[in-house]
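Report on the following structure.
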Amino acid sequence: MTKNTMTKNTGRTVLVTGATGTVGRQVVAELLRRGHTVRALTRDPEKAKAGLLAGFPSGVSGVSDVSDVSGVSGVEIVRGDLTDPASLAPALDGVTGLHLITFGGAMFAPLETGPEIVELARKAGVRRATVLFGGEETPLQRAVEASELDWTVVQPVEFMSNALEWAEAIRTEDTVREPFTGRLSAMIHEADIGAVAAVALTEEGHAGRTYLITGPEALTVQDKVDALAAARGREIALVELTEEAAKERWRAAGHPEELIDFLITVYRDTPPEGRTVVGTVEEVTGRPARTFAQWAAEHAAAFRA
């Protein structure tokens, strides 16, 4: 779907939903680096105040509740729940940009509240919205795309941060156990996802676009393990699991059968978009996408005993 070029946005306040998540905190950090005021939406402000800022990259300078935002630089932690659209009204006051996730609630079910959220955003004067693609088109995404907002869908492939799932086994056993070790992944640094979203929220020329974003390389599991070993300064063994062994491990971890079937499908035969490098990050942000070696160096401590 194509829309006209976005109108110039003179506001500087952006509301970020999912702000405590892997991508949301990166959207917040990039917006702050660009000099924008950010509101971080959470269902539990007190819990967020205790841990949110510690997880943000450098550049976050302040925190407050929505009831006390004047004179505060940095992040304003605000209360709201995407499953309860009425709760968003105070958080949207004065906001001109909105970053949305498409799942909500305790079980992360696809949000059915898209039309109400879009209407609240329209009434509040929101001009631009980004939607973080959740693996499939959702009702919220469809509602945003049907709206008059200048929307952009941000569609990342596998996150580099998924490698943190190996951290305990690497620390304790110097070993990674995975099926389909020859599969390719053009995995993306979560900071680059945040950067693309931040640009789309604050600059012209991105309305009506869906941005597939990847890292700069297509890597095998062995490539990733080698990069982690180099970053932490100690070798890591890679053991290839059979499909059945992988299923049993995921069942033991409590994963539902639907998720297990999905993982087997995408690992056995990764879709072309998940293993093909595209230059979207550089095209949108003006700088190359970060490599997995960079990510590994940044997170090396997580893989050391």
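Two different hydrophobic clusters hold Leu238 and Phe180 under the rule that ILVMFWY side chains link at heavy-atom gaps under 4.5 Å. The hydrophobic clustering, which links ILVMFWY residues whose side-chain heavy atoms are closer than 4.5 Å, places Val277 and Ile188 apart. A single hydrophobic cluster is seen to contain both Ile117 and Phe133, as judged by linkage of ILVMFWY side chains at heavy-atom distances under 4.5 Å, directly or through other members. The cluster map of Ile, Leu, Val, Met, Phe, Trp and Tyr, joined by side-chain heavy atoms under 4.5 Å apart, puts Tyr211 and Val16 in the same cluster. Taken together through direct or relayed side-chain contacts under 4.5 Å among Ile, Leu, Val, Met, Phe, Trp and Tyr, Trp250 and Val266 form part of one hydrophobic cluster.
For the pair Glu203 and Arg34, the salt-bridge criterion is met [side-chain N within less than 4.0 Å of a carboxylate O]. Arg122 and Glu119 are joined by a salt bridge, as a carboxylate oxygen and a charged side-chain nitrogen come within less than 4.0 angstrom of each other. Under the 4.0 Å criterion applied to side-chain N and carboxylate O atoms, Glu158 and Arg275 are not assigned as salt-bridge partners. Using a cutoff of 4.0 Å between basic side-chain nitrogens and carboxylate oxygens, Asp84 and Arg79 are not scored as salt-bridged. Ion pairing between a basic and an acidic side chain is recognised when a charged N comes within 4.0 Å of a carboxylate O; Arg251 and Glu248 show such pairing.
Taking the side chain as every heavy atom from C-beta outward, Leu201 and Val27 approach each other to under 4.5 Å. Between Thr270 and Val157, the closest side-chain pair of non-hydrogen atoms is not below 4.5 Å. No side-chain heavy atom of Glu243 sits less than 4.5 Å from a side-chain heavy atom of Pro179. Between Arg43 and Thr20, every side-chain heavy-atom pair lies at or beyond the 4.5 Å cut-off. By the 4.5 Å heavy-atom criterion applied to side chains, Phe303 and Leu164 are counted as neighbours. You'll find the side chain of Val221 reaches within 4.5 Å of the side chain of Trp166, heavy atoms only. You'll find the side chain of Thr138 stays beyond 4.5 Å of the side chain of Leu111, heavy atoms only. Here the side chains of Leu132 and Pro156 are in contact, with some heavy-atom distance below 4.5 Å.
A distance-only check finds no donor-acceptor pair linking the side chain of Thr175 to the backbone of Ala237 [under 3.5 Å]. No donor-acceptor pair closer than 3.5 Å links the side chain of Thr152 to the backbone N or O of Arg209. Checking side-chain atoms of Thr113 against main-chain N and O of Leu82 turns up a donor-acceptor pair under 3.5 Å. The closest donor-acceptor contact from the side chain of Thr17 to the backbone of His99 lies under 3.5 Å. Between the side chain of Ser87 and the backbone N or O of Asp81, at least one donor-acceptor pair lies under 3.5 Å. For Arg290 (side chain) and Gly215 (main-chain N/O), no donor-acceptor pair under 3.5 Å exists by modelled atom type. With hydrogens and angles disregarded, a donor-acceptor distance shorter than 3.5 Å links the side chain of Arg39 to the backbone of Ala91.
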Next item on the list: Mind running side-chain contact (heavy atoms from CB on, under 4.5 Å) on Val199 and His206 for me, showing each step along the way?
Entry: CA-CA 8 Å; Val199 170; His206 307 284; 3.5 Å; yes
Next item on the list: Give the intermediate values and the outcome of side-chain contact (heavy atoms from CB on, under 4.5 Å) for residues Thr96 and Val126.
Entry: CA-CA 4 Å; Thr96 55; Val126 173; over 6 Å; no
Note to self: Pair Thr214, Thr276 - check side-chain contact (heavy atoms from CB on, under 4.5 Å), show working.
What the structure shows: CA-CA 8 Å; Thr214 76; Thr276 304; over 6 Å; no
Next item on the list: Begin from the C-alpha positions of Val196 and Asp192 and carry the test side-chain contact (heavy atoms from CB on, under 4.5 Å) through to its verdict.
Entry: CA-CA 6 Å; Val196 169; Asp192 287 332; 5.6 Å; no
Checklist line | Chi angles and distances behind the salt bridge (charged side-chain N to carboxylate O under 4.0 Å, His left out) call for Glu30, Arg33 | finding: CA-CA 5 Å; Glu30 185 65 25; Arg33 280 191 282 266; 3.3 Å; yes
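The two atoms that bring Gly80 and Leu41 nearest to each other are CA-CD1, 3.6 Å, heavy atoms only. Here the shortest heavy-atom pairing between Gly104 and Thr83 reads C-CG2, 3.9 Å. Between Ile170 and Leu228, the shortest heavy-atom contact is CD1-CD1, 4.1 Å. In this structure, Phe292 and Met160 approach most closely via the heavy-atom pair N-CE, 3.5 Å. Closest non-hydrogen pair, Leu212 versus Thr280, comes out as O-OG1, 2.6 Å. Ser185 and Lys224 get closest at one heavy-atom pair: CB-NZ, 3.9 Å.
The line from CZ of Arg127 to CG of Asp150 is 9.5 Å long, rounded to the nearest 0.5 Å. A distance of 4.5 Å separates OG1 of Thr210 from CH2 of Trp151, quoted to the nearest 0.5 Å. Asp174 contributes atom CG, which lies 4.0 Å from atom CZ of Arg234 (distance to the nearest 0.5 angstrom). Once rounded to the nearest 0.5 Å, the distance linking CD1 of Ile101 with CD of Gln141 reads 13.5 Å. Here CG of Leu140 is found 10.0 Å from CD of Glu145. Values are rounded to the nearest 0.5 Å. Taking CG of Leu98 as the reference point, atom CG of Leu92 lies at 6.0 Å (rounded to 0.5 Å).
Under a cut-off of 6.0 angstrom, the local environment of CD in Glu168 is sparse, with at most 12 non-hydrogen atoms contributed by other residues, nucleotides or ligands. Within a 6.0 Å sphere centred on CZ of Arg304, heavy atoms belonging to other residues, nucleotides or ligands number more than 12. The neighbour count for Glu257 CD, taken as heavy atoms of other residues, nucleotides or ligands under 6.0 Å away, is above 12.
One side chain, Glu190 or Trp295, offers a donor N or O that lies under 3.5 Å from an acceptor on the other. Thr181 and Glu240 are linked by a side-chain donor-acceptor pair at a separation below 3.5 angstrom, with hydrogens and angles left out of the test.
His299 and His189 have tilted rings, their planes meeting at an angle from 30° to 60° on a 0 to 90° scale.
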